[in-house]
Amino acid sequence: MAERRTYSVAELGPRYKWIALSNTTLGMLIATINSSIVLIALPDIFKGIGINPLEPSNTSYLLWMIMGFLVVTAVLVVSFGRLGDMYGRARMYNLGFAVFTFSSIMLAITWFDGDAAALWLIGWRIVQGVGGAFLMANSSAILADAFPSNQRGLALGMNGVAAIAGSFLGLVIGGVLAPINWNLIFLVSVPIGVIGTIWAYLKLHDTGIRQHARMDWWGNITFAVGLIAVLVGITYGIQPYGSSPTGWGSPMVLSCLIGGIAVLIAFIVIETKVDNPLFRLSLFRIRAFSWGNLANLTASLGRGGLQFILIIWLQGIWLPQHGYTFEQTPLWAGIYMLPMTVGFLVAAPTSGILSDRIGSRMLASSGLVLTAITFVLLIILPVNFNYWSFAAILLVNGIGMGMFSSPNRAEVMNSLPADARGSGSGMMTTFQNAAMVLSIGFFFSLIIAGLSNNLPSAMSQGLMAHGVQPGPANQIAHLPAVAVLFAAFLGYNPIQQLLGGQLATLPPDQASFLTGRSFFPNLISGPFQDGLAVAFGFAIVVCLIGAVASLLTKSKKSASSESVGEELAAVAGESGGGPSELVAPSSTSSDR
């Protein structure tokens, strides 16, 4: 490739930061839409490829379709952020857009059925996660380079809006497109990806400090192996093992968790010995970086599994109870969750602007306290709730998350030296994505525990009360609770499938009632609420811990912060800005 120098923001002009914001926002939006669009579309995907996801042998397909993207992004964002620091953040970001777009094409053209199709989809979802990791790792660093410190809250707030709003918009888009043709949920990303890739190639330039160094291969290997092992252990811990409703006692799960933690400890030791570590542990000496990341980690633990629980609540219980068929529930679950998206869309950019003016600590802390209050209200809310009460709680929950997200990210990114923004952003995203997987595992396990305690007796008695013989009723009642949970998550009515030939032996009215819209939702309402209280209780605790951590982020103004006057002078070419804004032209960077 031809050589190309690193630009300064002054050379690129005052419009460049808005070009960077619009392109990176588009990238984050499409990446996060694709992280959730599959959730709502899973029933149509599995029907389309001819696989029953509720069969025990197919549970792993279901889990990896849900978790694969998150696991890959959690593992790779730090490495890709480090690559951005070394070889150019715009270049790594542009590569991510290209990989993401190509994998979307490969997913959309899936033409075969059965196990081969499931493995193909999982494989390309993982590749799509690789592209997403490039985008997530470098977008915040590109913005931190392009914007002065007094405007980063706004820029990172807009980027954060796209990141989290995309995860909710994906639910609606998936609900609309999947019933038409499930391939469309992947095809919709292709034109956006092509436009974004070309746009990034032509318009984005490296403006930050480039740090050429050797790659920390041992650090990369031990980090990837350790984190993958832990996340795989969590993923399979959700599945039953022997007579236990969950797999946390499984030798395989324990080996993954213990072995993964041991490898991660080895990774930390390695990082203290090498010259150019993957994880710059010295960054944790920066108070705002350390406490800000702890707040981000705990907030992600609290809200990561919320989306899944709300989908189960709506699709498996509330919507059928209110006249929706199980086939209709995926789309309407996405629609009924929109108040949370609206709250976030309003609060995140507003809090980003406010954080630039009044600081981020109180905004971020207040946002998590508000989020914790909404979890209390969700525990109090009846399972068969009044929708407007539910919508109001979701709206306030979105506002609380928006109040936290933008100020927290701005606080962390502002605390970093200019040459560490890629790796620092990657570290932050790793904590967030790993916490999301942890949260899903915790929430699912707590809900499964609640179902396992009370569901077998409730199901057995309910089936026998409507004519099912004791033997088949007891057999069905003692099936793994995870199957019932996944049925509710997917919007399936499992009773029809579980009874099978037994339906023909029942009076028509009883058979119709058992497979109708009320029996299954009413059956799991009580056990589900037991698990819900425990899961949301956990969320309350971690959100309050995050609120305290946010209050502790106060730090001195970084040396790289600029005033508005300095930025204007830099743009006018009259004086040099801080090191994060103006970088001497370099001949060591390569051209596209």
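Any value given below was found using the heavy atoms of this structure, including those in side chains, with hydrogens, waters and symmetry copies removed. These figures come from a predicted structure and were not determined experimentally.
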List the atom of [X], the atom of [Y], and the distance in Å for their closest heavy-atom pair.
X: Leu204; Y: Ile142; value: CD1-CD1, 4.5 Å
X: Phe284; Y: Met427; value: CE1-CE, 3.5 Å
X: Arg125; Y: Phe69; value: NH2-CB, 3.6 Å
X: Val412; Y: Ala288; value: CG2-O, 4.1 Å
X: Phe289; Y: Leu283; value: CD2-O, 3.4 Å
X: Asn34; Y: Ile185; value: OD1-O, 4.2 Å

For [Y], is there any backbone N or O sitting under 3.5 Å from a side-chain donor or acceptor partner on [X]?
X: Ser103; Y: Phe100; answer: yes
X: Ser405; Y: Met401; answer: no
X: Thr374; Y: Thr371; answer: yes
X: Ser439; Y: Ala435; answer: no
X: Ser351; Y: Gly402; answer: yes
X: Arg361; Y: Thr553; answer: no
X: Asn408; Y: Phe404; answer: no
X: Thr25; Y: Leu21; answer: yes

Interatomic distance, [X] atom [atom1] to [Y] atom [atom2] [nearest 0.5 angstrom]:
X: Leu83; Y: Met92; atom1: CG; atom2: CE; value: 6.0 Å
X: Met403; Y: Leu354; atom1: CE; atom2: CG; value: 9.0 Å
X: Asp44; Y: Trp182; atom1: CG; atom2: CH2; value: 10.5 Å
X: Leu143; Y: Asn138; atom1: CG; atom2: CG; value: 11.0 Å
X: Leu29; Y: Leu135; atom1: CG; atom2: CG; value: 11.5 Å
X: Ile126; Y: Thr73; atom1: CD1; atom2: OG1; value: 11.0 Å

> Which one of Ser550, Ser355, Ser360 satisfies the side-chain hydrogen bond (donor to acceptor under 3.5 Å, both in side chains) criterion with Glu411?
Replying inline: Ser360
Report yes if some heavy atom in the side chain of [X] is under 4.5 Å from a heavy atom in the side chain of [Y]; otherwise report no.
X: Tyr93; Y: Phe80; result: no
X: Ile309; Y: Phe528; result: yes
X: Ser389; Y: Leu381; result: yes
X: Thr329; Y: Leu314; result: no
X: Arg303; Y: Met340; result: no
X: Ile173; Y: Val176; result: no
X: Ile540; Y: Ile379; result: yes
X: Asn397; Y: Phe375; result: yes

>> Please determine whether side-chain contact (heavy atoms from CB on, under 4.5 Å) holds for the pair Phe443 and Phe536, giving the CA-CA distance in whole Å, both sets of side-chain angles, and the decisive distance to 0.1 Å.
In response: CA-CA 8 Å; Phe443 273 52; Phe536 286 161; 4.0 Å; yes
> Taking it one step at a time, do Met362 and Leu551 satisfy side-chain contact (heavy atoms from CB on, under 4.5 Å)?
Replying inline: CA-CA 7 Å; Met362 291 305 300; Leu551 289 175; 3.5 Å; yes
> Is the number of heavy atoms from other residues, nucleotides or ligands within 6.0 Å of CH2 (Trp318) greater than 12?
Replying inline: yes
>> Atom CZ of residue position Phe538 - does it have more than 12 heavy atoms of other residues, nucleotides or ligands inside 6.0 Å?
In response: yes
> Between Leu294 and Ser290, is a side-chain contact (heavy atoms from CB on, under 4.5 Å) present by the stated rule, with each step listed?
Replying inline: CA-CA 6 Å; Leu294 177 61; Ser290 298; over 6 Å; no
> Would Ile399 and Val346 satisfy side-chain contact (heavy atoms from CB on, under 4.5 Å), going step by step from the backbone distance to the final call?
Replying inline: CA-CA 7 Å; Ile399 291 172; Val346 170; 5.6 Å; no
> Given Tyr336, which of Phe385, Trp313, Tyr387, Trp388 fulfils the ring-ring contact (aromatic ring centres under 6.0 Å, His included) condition?
Replying inline: Tyr387
